[in-house]
Amino acid sequence: MHRWSSLFVPTLREVPSDAEVASHKFLLRAGYVRQMGAGLYSFLLLGQRSLNKITAIVRDEMDRIGQEFLLPALLPAELWQQSGRWTTMGENMFRLKDRKGADLCLGMTHEEVMTDIARRELRSYKQLPQIWYQIQTKFRDEPRPKSGLLRVRQFLMKDSYSFDMDEDGLDRSYALHDAAYRAIFTRCGLEFVAVEADSGAMGGSQSQEFMVYTEAGEDLIASSAVTGYAANLEKATSRLAPVEDLAPTGDGLPELVHTPGKAAIADVAAFFAISPAQDIKCVAYIAHTEGASGTAGAQPVAAFLRGDHMVNETKLLGVLGAGELRTMNGDELEQWLGGPAGYLGPLGLERAQALGGPGLTVVVDRALEGRRNLVCGANRLDYHYRNVTPGRDFRWTVLADIRNAREGEDAPDAPPGTAAPLRIGKAVEIGHIFKLGYRYAEALGARVLDANGREVTPIMGSYGIGIERILTAAIEQAAAGAPDGNGLALPRAIAPFEVVITVTNVRDAELLATGEQLARELEAAGIDVLLDDRDERAGVKFKDADLVGIPLRVNVGKKVAEGQVEVVDRRAGKSVDVALGELVTHLQKH
RNA sequence: CGGGGCGUAGCGCAGCCUGGUAGCGCAUCUGCUUUGGGAGCAGAGGGCCGGGGGUUCGAAUCCCUCCGCCCCGACCA
């Protein structure tokens with residue numbers, strides 16, 4: 001039986017000044033964790049119990065689709081050199097040398113190691129598919145650990161890897177993970193959305209992130225409750241409301257207009273008495289292509305969008321196949337566009353004929369496609385054009401979606417004529433599933449024989465869950481829904497204890513005996529119970545019970561004389577009196 | 001890495017400007033009273049004032065330097 005009087009639960013009355021986000025404050029105040037350094041935390045009793053609850057759920061679901069391994073976290077450089085990531089991981093990887101001077105690193109992910117096992121051991125298509133997973137500590141030298149447990153340098157990850165014969169097989173492994181992840185997060189009591197994610201530099205074909213909406217999050221996601229659409233803002237698209245084009249003026253051809261001092265879009269729109277949606281804006285960049293050898297090529301890029309839209313640099317990078325963007329400085333604007341910021345436009349530019357070709361790459365956002373009689377800069381100080389029609393008056397290197405979707409725009413999959421406004425909000429990523437393809441299997445030379453006796457490369461997927469992030473996301477979610485001041489309660493499945501029995505006065509032998517008896521009964525019924533038998537005033541124990549996040553509290557006090565105890569459901573904010581003999585059944589069906 | 005803030009008792013803070021050898025609240029320990037929402041009274045313990053160097057008769061306080069932590073940005077398979 002767990003007796004609070006003999007446990008180490010160092011609750012704090014005041015929040016350490018370093019903590020800002022709700023989950024960090026909670027974890028410190030409730031005595032779940034203590035900080036060692038930036039992004040390094042020790043888990044104490046309550047924190048570790050919660051993590052154990054979470055990993056038990058993860059194991060339970062993962063064991064249905066895969067097999068648990070445990071790989072080393074200390075890894076030789078050689079594998080990473082073979083995959084090429086010894087260099088591309090850069091400073092995010094913790095590196096060290098052993099006594100012989102050999103290079104080692106601390107694992108930040110385990111594609112290489114799992115693939116190494118696969119290439120040594122898998123020989124035949126008869127052995128596939130395989131799904132191998134582990135729950136293990138990962139190390140990442142983050143440039144800026146922050147927000148308590150949300151971004152740390154050492155954390156637990158459930159990572160799994162699938163090996164299949166072909167894309168259909170990969171689709172099945174991916175779907176199995178999708179279903180398992182949904183089951184895991186649901187059992188952990190989280191409200192989450194699965195979003196389309198940017199596949200990024202990994203080059204995979206499909207990728208999905210599992211996100212929990214919270215103000216403490218670092219990602220922005222767009223979702224529609226109507227259609228179920230959900231995507232990371234890096235990838236989200238939207239259906240735009242139609243815009244009425246302006247009527248042409250004069251002969252309908254581009255007309256140069258003197259616009260002194262009208263550089264900002266709002267000023268230009270006011271000057272012409274138009275909406276920013278009738279304007280073309282330009283953002284000019286120098287893109288750097290990621291050269292693995294370090295020989296990065298600089299490429300000038302002019303991006304044109306509707307005046308009221310924002311460039312999505314992740315999308316733009318994807319279109320360009322580049323690794324890095326920075327905006328042009330004044331000299332570069334003069335060199336490539338011939339005009340100053342605020343007066344840039346697409347007319348008369350000498351553009352690259354193809355992506356990667358020499359000259360200025362002109363990227364036009366799809367929202368400008370089919371538009372007519374727009375206003376844009378003239379690449380000349382204090383001048384704009386009107387009557388500008390894309391396609392007729394200027395051309396481009398590439399037409400692509402490079403803008404950010406905005407809150408309130410309709411989801412892209414909304415049927416025509418129906419409303420499906422997007423909600424855009426901050427979110428924290430708790431899981432990620434990813435179709436890797438052949439990259440690692442090829443780089444490391446994993447091959448199996450197919451039914452025809454030919455060597456083929458297995459296709460891989462990789463899938464991750466941040467264990468601590470399940471806890472922090474659940475806390476953030478509970479904090480968002482909790483009335484302030486009274487503490488918060490965790491979902492029963494991941495709370496360190498399901499029930500706390502608060503004996504209001506342990507010097508009353510009858511109350512203490514009743515509390516102990518009830519705790520024994522609950523324990524026998526398989527309920528995870530904590531008996532608060534401390535010799536403290538009732539108020540102190542109530543406050544502590546509220547603070548540590550246990551969702552159900554049983555008050556053993558005055559009403560025992562009438563054969564009753566008070567059961568407080570902290571998540572529901574309700575309390576009821578229950579007869580002593582019915583407590584177990586009451587809490588079981590709760 | 002750029003910008004900002006902060007390191008004084010377990011936690012929260014004052015003292016620093018204007019140098020004179022450290023203080024408050026909570027927590028902890030002891031005693032008495034109290035006992036259903038962080039009790040009251042009385043007493044006690046606890047500090048290389050982040051480290052190093054300098055100025056000075058004297059440094060928590062002024063100067064230099066290093067380290068650490070937090071926030072914004074950059075970054076984040």
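Note on naming: letters A, B, ... go to the chains in the order of the sequence lines (proteins, then strands), and numbering restarts at 1 for each one.
Note that A:R469 lies outside the cation-pi zone of A:F155, set by a 6.0 Å cut-off to the ring centre and a 45° limit from the axis.
Salt-bridge annotation for A:R95 and A:D103: absent, with no side-chain N of the basic residue lying under 4.0 Å from a carboxylate O of the acidic one. The pair A:R3-A:E516 meets the salt-bridge criterion, with a side-chain N (NZ, NE, NH1 or NH2) lying under 4.0 Å from an Asp/Glu carboxylate O. Between A:E476 and A:K426 there is no salt bridge, since no side-chain N of the basic residue sits under 4.0 Å from a carboxylate O of the acidic one. Using a 4.0 Å cut-off between charged nitrogen and carboxylate oxygen, A:E111 and A:R439 do not count as a salt-bridge pair.
Among the nucleotides B:A39, B:C72, B:G36, the one closest to the side chain of A:R537 is B:A39. For A:A38, taking side-chain heavy atoms from C-beta onward, the closest of the listed nucleotides B:C69, B:G38, B:G36 is B:C69. When each of B:C69, B:A77, B:G37 is scored by its nearest atom to the side-chain atoms of A:R553, the top-ranked nucleotide is B:G37. Among the nucleotides B:A77, B:U35, B:G37, the one closest to any side-chain atom of A:R507 is B:U35. Here B:A77 is the nucleotide among B:C76, B:G36, B:A77 with the atom lying nearest to any side-chain atom of A:M157. Taking every side-chain heavy atom of A:T11 into account, B:G38 is the closest of B:G38, B:C76, B:A77.
For B:G38, its base never sits under 3.5 Å from the side chain of A:R534 at any donor and acceptor pair. No donor-acceptor contact under 3.5 Å links the side chain of A:N505 to the base of B:G36.
Residue A:R29 is in base contact, counting any heavy-atom pair closer than 4.0 Å across all strands shown. When heavy atoms are screened at a 4.0 angstrom cut-off, A:E429 is found touching no nucleic acid atom at all. When heavy atoms are screened at a 4.0 angstrom cut-off, A:D508 is found touching no nucleic acid atom at all. Nucleic acid contact class of A:K558 (heavy atoms, under 4.0 Å, all strands): base. Heavy atoms of A:G90 sit nowhere under 4.0 angstrom from any nucleic acid atom.
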| Criterion ring pair (Phe, Tyr, Trp, His ring centres under 6.0 Å) on A:H24 and A:Y41, from CA distance to verdict | CA-CA 11 Å; A:H24 193 196; A:Y41 288 86; 5.7 Å; yes

| Evaluation steps, ring pair (Phe, Tyr, Trp, His ring centres under 6.0 Å), between A:Y463 and A:Y133 | CA-CA 9 Å; A:Y463 317 86; A:Y133 83 95; over 10 Å; no

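Distance CD (A:E510) to C1' (B:U35): 16 Å, rounded to an integer number of Å. Distance CD (A:E218) to P (B:C72): 9 Å, rounded to an integer number of Å. Atom CG in A:L149 sits about 12 Å away from atom P in B:C70, given to the nearest Å. Atom P of nucleotide B:C76 and atom CG of A:N92 are separated by 8 Å, given to the nearest angstrom. Between the P atom of B:C76 and the NE2 atom of A:H432 lies a distance of 14 Å, rounded to the nearest Å. Taking atom CG on A:D532 and atom C1' on B:G37, their separation rounds to 13 Å, with Å as the unit. Here the P atom of nucleotide B:C76 and the CE atom of A:M93 are 15 Å apart, to the nearest Å. The CG-P distance, from A:D577 to B:G36, rounds to 16 Å in whole Å.
Contact check, A:Q35 against B:G68: no side-chain N or O comes under 4.0 Å of OP1 or OP2.
If you take atom C1' in B:G5 and the same atom in B:A44, they sit 37 Å apart, rounded to whole Å. Comparing B:G40 with B:G47, their P atoms sit 26 Å apart, to the nearest whole Å. When the C1' atom is compared between B:G46 and B:C32, the two are found 24 Å apart, to the nearest whole Å. For the P atoms, the distance from B:G12 to B:C70 is 13 Å, rounded to whole Å. Spacing between B:C62 and B:U8 at atom P, rounded to whole Å, works out to 16 Å. Remark: the separation of the P atoms in B:G7 and B:C63 is 15 Å, to the nearest Å. Rounded to a whole angstrom, the distance from the C1' atom of B:G20 to that of B:G2 is 41 Å. Comparing B:C49 with B:A59, their P atoms are spaced 12 Å from each other, to the whole Å.
When both distances must be under 3.5 Å, the Watson-Crick or G-U wobble mate of B:G7 is B:C67. In this structure, B:U61 makes no Watson-Crick or G-U wobble pair, since no nucleotide meets both defining distances under 3.5 angstrom. B:G43 is paired with B:C29 under the criterion used here, namely a Watson-Crick or G-U wobble arrangement in which both key atom distances are under 3.5 Å. Judged by Watson-Crick or G-U wobble contacts below 3.5 Å, the nucleotide B:G37 has no partner. Under the Watson-Crick and G-U wobble criteria, each requiring two contacts below 3.5 Å, nucleotide B:C24 is paired to B:G12. Partner assigned to B:G73 is B:C1, using Watson-Crick or G-U wobble distances below 3.5 angstrom.
A residue-by-residue look at A:A538 and A:S147 shows that A:A538 has its nearest nucleotide of RNA chain B further toward the 5' end. In terms of position along RNA chain B, the nucleotide closest to A:K541 lies nearer the 5' end than the nucleotide closest to the other residue of the pair A:K541 and A:P145.
Put simply, the residue from A:D532, A:D546, A:D544 that forms a salt bridge (charged side-chain N to carboxylate O under 4.0 Å, His left out) with A:R553 is A:D546.
Rounding to the nearest 0.5 Å gives a distance of 9.5 Å between OG of A:S575 and CG of A:D569.
Considering every non-hydrogen atom in both A:H110 and A:Q136, the closest pair reads CE1-OE1, 3.1 Å.
A:Q134 and A:D159 are linked by a side-chain donor-acceptor pair at a separation below 3.5 angstrom, with hydrogens and angles left out of the test. One side chain, A:H432 or A:S207, offers a donor N or O that lies under 3.5 Å from an acceptor on the other.
For the segment residues 133-144 of chain A, residues with any heavy atom less than 4.0 angstrom from an atom of RNA chain B are, sorted by number, A:R140, A:P143, A:R144.
Side chain of A:K541 to backbone of A:R534: a donor-acceptor contact under 3.5 angstrom is found.
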| field | Base versus backbone protein contacts along nucleotides 7-13 of chain B [heavy-atom cut-off under 4.0 Å; B, S, -] | value | ----BSS

